Visitor: 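Dropping the structure in here first, questions after.
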Amino acid sequence: MGTPGNDDSSTQIPESAKSSYLFRYNSPLIQTVLIGFVCFCCPGMFNALSGMGGGGQLNTTASNNALTALYTTFAVFGILGGGIYNILGPHLTLFAGCSTYVLYAGSFLYYNHYQHQFFAITAGAILGIGAGLLWAAQGAIMTSYPPENRKGTYISIFWSIFNMGGVIGGLIPFILNYNRGDSAATVNDGTYIGFMAFMSAGAVLSLTILPASKVVRDDGTRCTNMLYSNVTNECFEILKLFYNWKMLLIVPAAWCSNFFYTYQFNHVNKLQFNLRTRGFNNVFYWGAQMLGSIGIGYVMDFSFKSRRKRGVVGVCVVALLASGIWGGALANQINRDLVAVLDFKEGSRYAGPFVLFFCFGLLDAMFQSMVYWVIGALANDSEILSRYVGFYKGVQSAGAAVAWQIDNQKVSAMTQLIVNWVLTTVSYPLLLVLVVLAVKEENKGEEEQAKRVAPSSAENGFVQ
């Protein structure tokens, strides 16, 4: 509510309160940090597990089948996740989603002893449901909570914290398997138990996330006046996404944005390096994501005054960088030794493939942060954006499910590389069209609907 006797638009936080205001529990920054740590513990550790290739196992079949099941259900619940979030809110949606990660890591601990893949495949399918819920909620938070002109910065903050999970997760197998020698083919039990401990902590931490209606920006505006939806309305709104021209332009970018993981993890990291070096590489792959998200976040928020121009420049920067990195991947694929397995102590022989894998991480973060920024620039309302992000994650997961099964059918690494390069290249001109036609300098219509709170409420970290 605005201060009595004044227009709502004049409500501001006093200068004296701004230092403490930044660290309010209900500020967009703190909520961004919290969702970052939730994803640090759950999908961050999952990324580290997947990044080793084969889920840390010698034979990739169980992992490929589990990931296919995961991304198949993820494709469905990614699309439905936005609607579920709008009905249940962040607490139930995030907690339910995070809990499924623990089961998935536990299934590989079981596989380490019994070599039965049914549990891993079932756990993968269940995780796909949970991941759809988690990422729809995360996307709604990341695109609707930040101020309109700082969405790129907040996305980069989130992405850096989230990928620190991959860095720590990469250190776990590196340290625990360091002295096992080149003959070690699968990670030990302690690796999986470490992942499960972090994932359990993430599930508990998810309960700290506030709904959008209780989050207050620095200028006193609520993030959104969200009224929880119903099943009928959400089903109708989700169906409308399939003929929304904005979403159709995002489809190629969404499809390819996880498609390339199969090639990067199974044909670069797994085949070219020994076990401990794969963990070492993971540290730098996910560390590179932190650098990439910060770099593209700066471009998308600060490079030009015009928001549309920043979007165009951001897409072009990522497109040029991607061309160079995929060109390097082609050179590596042509010249690599099909027999030798590299160790991180081998100096010059190790350096080239290592730099390529580092650049893959850099590109992944820049590409996905850029797409998130574009989605966030289409609207400010949490309900709308939760559906947009859910659609993006659903299509993304469908692409990933196909990619893991392509690898399971023993399609050559060169073919997978070329397909990845073509898919990502096709997405850039379509994203440029979307930015030029749909990104406005300011989403005024929605901002005028945002409710403001009295300064005293915002300063004290609660809303009326």
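Fair warning: this is a prediction, and the values are worked out from it, not measured in the lab.
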Visitor: Is there a side-chain contact between Val251 and Phe391, using heavy atoms and a 4.5 Å cut-off?
Guide: yes
Visitor: Would you confirm whether the ring centroid of Tyr71 sits within less than 6.0 angstrom of the ring centroid of Trp135?
Guide: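 No, too far apart.
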Visitor: Taking atom OH of Tyr298 as the centre, does the number of heavy atoms from other residues, nucleotides or ligands within less than 6.0 Å exceed 12?
Guide: no
Visitor: In terms of relative ring orientation, are His267 and Tyr263 parallel, tilted or perpendicular, with 30° and 60° separating the classes?
Guide: parallel
Visitor: Tell me if the centroids of the rings in Phe280 and Phe284 come within less than 6.0 Å of each other.
Guide: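 Yes; Phe284 has its ring centre under 6.0 Å from that of Phe280.
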Visitor: Take a 6.0 Å sphere around CZ of Phe119 and say whether it holds more than 12 heavy atoms from other residues, nucleotides or ligands.
Guide: yes
Visitor: Looking only at atom types and distance, does a side-chain atom of Gln416 sit under 3.5 Å from a main-chain N or O of Val411, one as donor and one as acceptor?
Guide: yes
Visitor: I'd like to know if the side chain of Asn266 pairs up with that of Asn64 as donor and acceptor (distance under 3.5 Å, no hydrogens or angles considered).
Guide: yes
Visitor: Around atom NZ of Lys246, are there more than 12 heavy atoms from other residues, nucleotides or ligands closer than 6.0 Å?
Guide: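 Atom NZ in Lys246 is crowded, with more than 12 foreign heavy atoms closer than 6.0 Å.
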Visitor: Could you check whether any side-chain N or O of Asn65 sits under 3.5 Å from a backbone N or O of Ile121, counting only pairs where one atom can act as donor and the other as acceptor?
Guide: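 Here the side-chain-to-backbone pair does not exist.
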Visitor: State whether a side-chain donor-acceptor pair under 3.5 Å links Asp301 with Thr153.
Guide: yes
Visitor: State whether a side-chain donor-acceptor pair under 3.5 Å links Ser257 with Gln396.
Guide: yes
Visitor: Given side chains that start at C-beta, do those of Leu437 and Trp245 come closer than 4.5 Å, heavy atoms only?
Guide: yes
Visitor: Could you check whether atom CE of Met164 has more than 12 heavy atoms from other residues, nucleotides or ligands sitting under 6.0 Å from it?
Guide: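 For Met164, atom CE is not crowded (no more than 12 foreign heavy atoms under 6.0 Å).
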Visitor: Would a distance-only check, ignoring hydrogens and angles, find a side-chain to backbone donor-acceptor pair under 3.5 Å from Arg307 to Lys440?
Guide: yes
Visitor: Indicate the atoms forming the closest heavy-atom contact of Phe95 with Ser99, along with that distance.
Guide: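 Of all heavy-atom pairs spanning Phe95 and Ser99, the closest is O-OG, 2.8 Å.
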Visitor: Check Phe260, Phe360, Phe357 against Phe265 for a side chain to side chain contact (heavy atoms under 4.5 Å, CB included) and give me the one that passes.
Guide: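 Looking at Phe260, Phe360, Phe357, the match for Phe265 under the side chain to side chain contact (heavy atoms under 4.5 Å, CB included) is Phe357.
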Visitor: Answer yes or no: is there a donor N or O on one side and an acceptor on the other, between the side chain of Lys151 and the main chain of Thr143, under 3.5 Å?
Guide: yes
Visitor: Counting only heavy atoms from other residues, nucleotides and ligands, does the tally under 6.0 Å from CZ of Phe118 exceed 12?
Guide: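 Not buried by this count: 12 neighbours or fewer within 6.0 Å.
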Visitor: What is the minimum heavy-atom distance between Arg310 and Ser303, and which atoms define it?
Guide: CG-OG, 3.6 Å
Visitor: Using the test salt bridge (Lys or Arg N to Asp or Glu O under 4.0 Å), find all partners of Lys240 that sit at least two apart in sequence or belong to another chain.
Guide: Glu237
Visitor: Under 3.5 Å, sequence neighbours excluded: what are the donor-acceptor pairs made by side chains of residues 73-82?
Guide:
residue: Thr73; atom: OG1; partner: Ala69; partner atom: O; Å: 3.2
residue: Thr73; atom: OG1; partner: Leu70; partner atom: O; Å: 3.0
residue: Thr73; atom: OG1; partner: Ala125; partner atom: O; Å: 2.7

Visitor: Let me have the donor-acceptor pairs involving side chains of residues 371-379, under 3.5 Å, with sequence neighbours excluded, atom names and distances please.
Guide:
residue: Tyr372; atom: OH; partner: Gln138; partner atom: OE1; Å: 3.2
residue: Trp373; atom: NE1; partner: Met300; partner atom: O; Å: 3.4

Visitor: Distance-only, no hydrogens or angles: does the Gln289 side chain make a donor-acceptor pair with backbone N or O of Asp364 under 3.5 Å?
Guide: no
Visitor: Would Tyr285 and Asn47 count as having a side-chain donor-acceptor pair, cut-off 3.5 Å?
Guide: no
